[in-house]
Visitor: 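I have a structure I would like to understand better, so I am pasting it below and will then ask my questions one at a time.
In this chain, residues are counted from 1 in sequence order. Atoms considered below: every heavy atom in the structure, side chains included; atoms not considered: hydrogens, waters and symmetry mates.
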Amino acid sequence: MRLFAWFLLGLVLRCIGLGTLPPWTDESATLVFSLGNSFLGVPLNQFISPEQLLEPLQRSPTAGLGDVWQHLMSESTHPPLYFLLNHLWLQGFPEEQLLWASRAFSALWGALTIPALYGLAKRSFASETVAQLAAALMALSPLGIFLAQEARHYTLAILLAIASFYAFSLAVESLVQTHSPARHWLWGWTFFWIFVNGLGIAVHYFFGLVPLIQGLVLGKHWCQGQLQGPISRTAKPWRGVGVAAVGTAMTGLVWLPVWGRFADSDLTDWVTDGDLGIFPPLGRTILWLVSMVLMAPLDALVLPLWWIIITGLFLLFILGKLWTLLDLVAPHHPPQSRVWLEVFIVGILLFLGITYLTGNDLTLAPRFFFPLLPVVILILASGLESAWNCRSKQLYGLAIIAVLGSLSVVTNFSYLQHHRGDRLAQVIRQTSDVPVVLATTHKHHGQTGRLQAIAWDLANYNFSQPQYFLLAHPEPQAYPTDILAQELQNLSPPFDVWYVNFHAHKLGDRGGQFDANEPIGERVPRRQLPKVNGYRYDLVRYR
C-alpha cells in the first residue's frame, strides 16, 4: 500500500503542468521524429509563416514506423526505440494534445521507476525499510521529476538501467553466496541482463555507460579472484558474467555503422565547444548529484539575488543535516550490498575521466547523469535506514523540504527548461505592436526547434501581429545578414526585427554578432531587454 502511495505521488508530481511550456529544441525533435516527420521540409533562406515553421509538429496521416526510422537515422544522432514506441503512443491522442501526450509518455516511464527501484533495493539490501526509502526518494527526486516532464527518452533509459542493475545484483549475489537462489537460474538472469542492456542502448547510446560501469566493478573483483570471499575465476557465475559481457557488447556493436555517420555531427559539437577547465566539470558534477535528492528555487534570471543567496545557504545547511543522518556501513545488510559504493565511485570516475581525457564534457547537462540516478538513491536510502529507525522525525522534516524542492521543479523555478521560448515570446508580445521578423542563423534542426518554441507560444497567446520567420543557412558566398537584407526588401516599415541567436558570418566562421551588411534600423540597447534562458537576442526597430 505504501509503495502504491509513493507511485501515485511520483506520478502526480511528474504530471503537474505538462502542457504549460512550449517544446524546447530537443522536445521538438522528439515530437517531429516520433510523428514520422522531417525538419528538411522547412524552407531555409526565405521568410516563412508560423504555419510553415510548425508544420513538422503536426500529425501526418501517411507517416508510419518506417518514416520514424528513416528520418531519425538520417537527421538525428539518437537510436530509434523510444521514438518508435512514442509514435504508437501518440496514435491514441488528438492533434491538440500531441505535446502533452509525448510528455505524459515520459512521465509514465518515470513513475514506473519508483516501484522498479523498490524491487532493486529490496533485492540488494534485503530490507523493507531501505526499499520504501528508495521508492520515496525516487518519487521526490528533482532530477527524476525534471527528466520525466520532458518529451525525451531518459526516463525509459533509467527504468532499463534499474532492470540492468537488478541483473547485476543477481550476478553479485551468485558470486558472493554459495547457495544463492540466483545460482539456480544462472542463464535466466544472464540473458535477461543482455536483453535489457540491448534495449537500453537502443533507447540512448549513453546507456552503454551502465554495463561499462558494471563491467569495471566486476572486472576488478575478477582480477582479485574474490568478491567478499575467495571464488574461482572459472566458477559458473563468472561464466554467466562473461556471457553477459559478450552479449551486451554485441548489442552495442550493431550500432557501430550508425555511430560512424554522426561522429563529427554538428548536433553534438556543443559538448566539445569551449574551454573545459579543471574545476567547472567538478562543480557541475556535485550540483547534479545533489539535485538528484534536493532542490530549491534558484532561477537567477527571475528571482532576486538575495533570494538566491538565502536559498543556497539553506540548501547547504540541509545537505549538512542530511550528511549527519547517513550511516553507509550497516552490518546487517547482505555482503553484496556494499558493492554499490564501488559502482558509484567507478561511475563518477568514468564520467570525469571521459570528460577530461577526451574533451567531451559529459557534465554540461544534468540529463547525462541518468545512469547514476538509481545508484545514488540506493546508497542514500541504505544510509538513511538507521535514521528511520531512531530519528524518523528528522526524516519527516527532510521529506517536507524535498517535496518543496520537487514543487520548485514543476513550477519551473529550478532545473529550468534549457531554452525558454515562452519567455522570449512574452518579451515579443509585450514589446512589439507592429509586424515582427524573427531571424536566426541555421546550422541544423536545433535552430529550427528554438524558433518553433517561440512560434508555438505566440500562437497559443493569439499574438495579433503578422510574423515572419527566417532560418538563414550560411552559404560560401552569402552572409546571413545578406539573406536577411534581401528578404527585408519585401517588407514596408513599420516592423521589428528580432535577431535570435543570430551569427552573421559565413559557413564555419565564428565571431561577432553583426557585420557591415546589417540593414539600418534603430537597435534597442540589450540592457533594456530581459535575459532569457537559451536565447541571445537583439531587437532592431524599423519605423
Side-chain angles (χ1 to χ4, degrees), residues 8 10-42 48-72 75-76 78 80-112 145-156 159 203 410-412 417 419-422 425-426 429 445 448-464 467 469:
L8 189 60
L11 180 61
V12 169
L13 286 172
R14 284 157 176 77
C15 289
I16 294 176
L18 285 185
T20 56
L21 296 181
W24 73 284
T25 302
D26 286 7
E27 288 185 303
S28 289
T30 298
L31 197 53
V32 170
F33 293 131
S34 295
L35 291 171
N37 295 334
S38 169
F39 283 96
L40 299 181
V42 179
I48 59 176
S49 66
E51 292 75 20
Q52 288 176 288
L53 180 61
L54 295 174
E55 184 177 0
L57 298 172
Q58 311 301 317
R59 178 181 281 119
S60 173
T62 60
L65 293 175
D67 299 285
V68 176
W69 177 282
Q70 177 185 348
H71 296 309
L72 191 69
E75 299 178 43
S76 180
H78 290 295
L81 180 56
Y82 186 85
F83 299 87
L84 295 170
L85 295 174
N86 197 31
H87 176 86
L88 299 175
W89 167 268
L90 292 176
Q91 301 309 304
F93 295 88
E95 185 78 34
E96 63 273 11
Q97 293 184 5
L98 290 179
L99 176 60
W100 181 92
S102 194
R103 287 172 174 166
F105 192 54
S106 175
L108 178 60
W109 292 117
L112 289 174
I145 293 172
F146 172 67
L147 295 178
Q149 289 209 310
E150 292 193 333
R152 297 296 286 161
H153 39 193
Y154 295 101
T155 51
L156 178 55
L159 183 62
V203 169
V410 300
T411 53
N412 303 305
Q417 288 277 12
H419 307 121
R420 290 297 298 271
D422 63 309
Q426 182 181 15
R429 295 196 310 269
H445 65 249
T448 308
R450 283 175 175 82
L451 283 192
Q452 285 176 331
I454 302 171
W456 182 291
D457 199 78
L458 291 175
N460 282 349
Y461 282 90
N462 298 316
F463 182 60
S464 60
Q467 304 155 49
F469 294 86

Visitor: Does CD in Gln52 sit with more than 12 non-hydrogen atoms of other residues, nucleotides or ligands closer than 6.0 Å?
Guide: yes
Visitor: Look only at the side chain of Arg14 and the backbone of Ala148, and say whether a donor-acceptor pair between them is shorter than 3.5 Å.
Guide: no
Visitor: Closest heavy-atom contact between Gln149 and Ile16?
Guide: NE2-O, 2.6 Å
Visitor: Under 3.5 Å, is there a donor-acceptor pair between the side chain of Ser106 and the main chain of Leu147?
Guide: yes
Visitor: Can you confirm whether Ser102 sits close enough to Asn86 that some side-chain heavy atom of one is under 4.5 Å from a side-chain heavy atom of the other?
Guide: yes
Visitor: Does Val203 offer a backbone N or O that forms a donor-acceptor pair with the side chain of His153 under 3.5 Å?
Guide: yes
Visitor: Checking Glu27 side chain against Gly449 main chain: does a donor-acceptor pair fall under 3.5 Å?
Guide: no
Visitor: Tell me whether the rings of Trp89 and Phe93 are parallel (<30°), tilted (30 to 60°) or perpendicular (>60°).
Guide: tilted
Visitor: Is Leu90 close to Leu31 at the side-chain level, that is, under 4.5 Å between some pair of heavy atoms?
Guide: yes
Visitor: Taking Arg59's backbone N and O only, do any of them form a donor-acceptor pair with Glu95's side chain (distance below 3.5 Å, no angle check)?
Guide: yes
Visitor: Contact between Thr448 and Val32 at the side-chain level, heavy atoms closer than 4.5 Å - yes or no?
Guide: no
Visitor: Indicate, with yes or no, if the rings of His71 and Phe83 have centres closer together than 6.0 Å.
Guide: no
Visitor: Mind checking whether Pro56 and Gln452 have side chains closer than 4.5 Å, heavy atoms only?
Guide: yes
Visitor: Can you measure from CD1 (Ile145) to CG (Leu13) and round to the nearest 0.5 angstrom?
Guide: 4.5 Å
Visitor: Is there a side-chain contact between His445 and Val42, using heavy atoms and a 4.5 Å cut-off?
Guide: no
Visitor: Test your reading of the model: is there a side-chain donor-acceptor pair from Arg152 to the backbone of Asp26, 3.5 Å cut-off?
Guide: yes
Visitor: Taking C-beta and beyond as the side chain, do Asn412 and Arg420 meet within less than 4.5 Å on heavy atoms?
Guide: yes
Visitor: Got a donor-acceptor contact below 3.5 angstrom from the Asn37 side chain to the Leu57 backbone?
Guide: no
Visitor: Below 4.5 Å, heavy atoms only, C-beta onward: do Gln426 and Tyr461 meet side chain to side chain?
Guide: no
Visitor: Using a 3.5 Å distance criterion without hydrogens, assess whether the side chain of Gln91 forms a donor-acceptor pair with backbone atoms of Leu88.
Guide: no
